[in-house]
Protein chains: 2
Amino acid sequence: MKLTPLAERFVLHFGEMGSRWGVNRTVGQIYALLYISAKPLNADEIGDVLEFSRSNVGIGLKELQAWRLVKLVHLPGDRRDYFEPPKDVWEIFRVLVEERRRREIEPTLSLLRDAMLEQPGSEEDRVAQAKMRQMYELIELTTGWLDEVQRLSPETVINLMRMGAKVQKLLDFADRLKFGRKDDGKGDLP
Amino acid sequence: MKLTPLAERFVLHFGEMGSRWGVNRTVGQIYALLYISAKPLNADEIGDVLEFSRSNVGIGLKELQAWRLVKLVHLPGDRRDYFEPPKDVWEIFRVLVEERRRREIEPTLSLLRDAMLEQPGSEEDRVAQAKMRQMYELIELTTGWLDEVQRLSPETVINLMRMGAKVQKLLDFADRLKFGRKDDGKGDLP
DNA sequence: TTAGAATTCCAGTAATTACTGGAAATCAAA
DNA sequence: TTTGATTTCCAGTAATTACTGGAATTCTAA
């Protein structure tokens, strides 16, 4: 089996991009192939199309499962493992955010927490701890916000995003109405 | 010169984390060192503390400059190049978001745009194009929103983040007031 | 329980990426 | 200019990471 030129370009691109995210070329290509595939694929089909060894495909699929970017499914009357990505692109986005956070952010937060608790042994340590605290607070704020956003429905998030910076103006407006002020000097709705 | 245990832990951690972002251990360590340092450092000092060869430090610093994560500064009466990160942690955050977008997102958007314009050669191509369009729309929405947020002041962004999901409720509230409705069935402020 | 099909593991090898030391180039002050 | 200090470039080498094919294991249906 062979890829159409369109599919091939997509697959190769994700192979290259994979290396910029913590996954290798193989893994990127396998994911891209599954993403645009009309139906779930098994390891043999993937290896056949991408010309990877059977083992290499196996390893790649295991890594994608660890990322929760592909799911194992079974087809009736077929013992082999088939794989497909989550149906909804928002679901994929959510999983990506969660996994990156778990792998990259949480260990850093934990290190920063420990480091901040330590008794500084010198003036340099005191400066270093202050910088670490700044970083910690920024990450805490951002991830806390992400947590809250993830609780909203995709539709709500889409709406909020479509509003963009208008949110701030609307909030000013609501604020004024709520507290019955005439004008707070911060401008108005368009 | 030698690092305090506190600084060393931080530096080593960022070395490991570097590999999960597209930079190598060396680059991660150099950045971490500069970040917690009380004053700008030159290449010799960095190589001395981290025990890297002079060239290796040079390459690492060049990469960090390409990421705009460190700035070149000069000290009066000293010809050597000194380096320091942007002062404000929010500035660092902004730069990181921008650079990752430029390197990882823009090339993908460009590929997707091209691919979507092509005449599908088969049913598979049509399916693939539909998936690509979904991905494209999600990325467009998200990056467009990011653009708008980046125009706000850090203080405003901090405030919005602190509000978290309350934003949605406040917006419903503003919406109702604005259009003079008694109740739209979507709930109320707490 | 067994045969056959599929998956996982593993050791050796290939490919890639990172690092070093020295040589060349650049730069600023004299 | 020239000199001395500093930075950049480069080729060879080391280290890491990825890949392969086969062997061992697991699993299911008969």
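Quick note on labels: first sequence line is chain A, next is B, and so on, each numbered from 1.
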Review point. For Val57(A) and Ala43(A), which heavy atoms make the closest approach, and how far apart are they?
Key: CG1-O, 3.7 Å
Revision key, fill the gap. Within residues 73-83 of chain B, the residues having a heavy atom closer than 4.0 Å to DNA chain D are Arg79(B), Arg80(B), Asp81(B)
Check your understanding: Starting at CD of Glu45(B) and ending at P of dT7(D), how long is that distance when rounded to a whole Å?
Key -> 11 Å
Practice item. Starting at atom CD1 of Ile46(A), determine the distance to atom P of dC19(D), rounded to an integer number of angstrom. Key: 14 Å
Check your understanding: Is it true that Arg101(A) and Glu98(A) make a salt bridge, defined as a side-chain N closer than 4.0 Å to a carboxylate O?
Key -> no
Study note, to complete from the structure: Among dC19(C), dT8(D), dA18(D), the one nearest any side-chain atom of Thr26(B) is dC19(C)
Protein and nucleotides 13-17 of chain C: nitrogen or oxygen contacts under 3.5 angstrom:
none

Exercise for review: Rounded to the nearest 0.5 Å, what's the gap from CZ on Arg80(A) to CD on Glu45(A)? Could you check?
Suggested key: 6.5 Å
Practice item. Identify the two heavy atoms, one from Asp81(A) and one from Asn42(A), that lie closest to each other, and give their separation to 0.1 Å. Key: O-CB, 3.2 Å
Check your understanding: So how far is it from Thr108(B) OG1 to Tyr136(B) OH, rounded to the nearest 0.5 Å?
Key -> 12.0 Å
Practice item. Look at the rings of Phe14(B) and Phe10(B) and say which category their plane angle falls in: under 30° parallel, 30 to 60° tilted, over 60° perpendicular. Key: tilted
Check your understanding: Between Arg102(A) and Glu106(A), is the closest basic N to carboxylate O distance under 4.0 Å?
Key -> no
Practice item. Return the residues of residues 55-62 of chain A meeting this criterion: a heavy atom under 4.0 Å from some atom of DNA chain D. Order them by number, or give none. Key: Ser55(A), Asn56(A)
Exercise for review: Examine Arg103(A) relative to Trp67(A) and say whether NZ or CZ is less than 6.0 Å from the centre of the six-membered ring and inside a 45° cone about the ring axis.
Suggested key: yes
Exercise for review: Please report, rounded to the nearest Å, how far the C1' atom of dT8(C) is from the CD atom of Glu63(A).
Suggested key: 16 Å
Exercise for review: Show the numbers, then the answer: is there a salt bridge (charged side-chain N to carboxylate O under 4.0 Å, His left out) between Arg9(A) and Glu118(B)?
Suggested key: CA-CA 12 Å; Arg9(A) 268 208 295 152; Glu118(B) 246 161 63; 2.6 Å; yes
Exercise for review: Find the distance Arg54(B):CZ to dA23(C):P and express it as a whole number of Å.
Suggested key: 17 Å
Exercise for review: Considering non-hydrogen atoms only, spot the tightest contact between Leu34(B) and Pro85(B) and give its length.
Suggested key: O-CD, 3.5 Å
Exercise for review: Round to the nearest Å and state the distance from Asp44(B) atom CG to dG21(C) atom P.
Suggested key: 14 Å
Study note, to complete from the structure: Rounded to the nearest 0.5 angstrom, the CG-CD distance for Leu6(A) and Glu8(A) is 10.5 Å
Review point. Rounding to a whole Å, what distance do you find between Leu72(B):CG and dT6(D):P?
Key: 15 Å
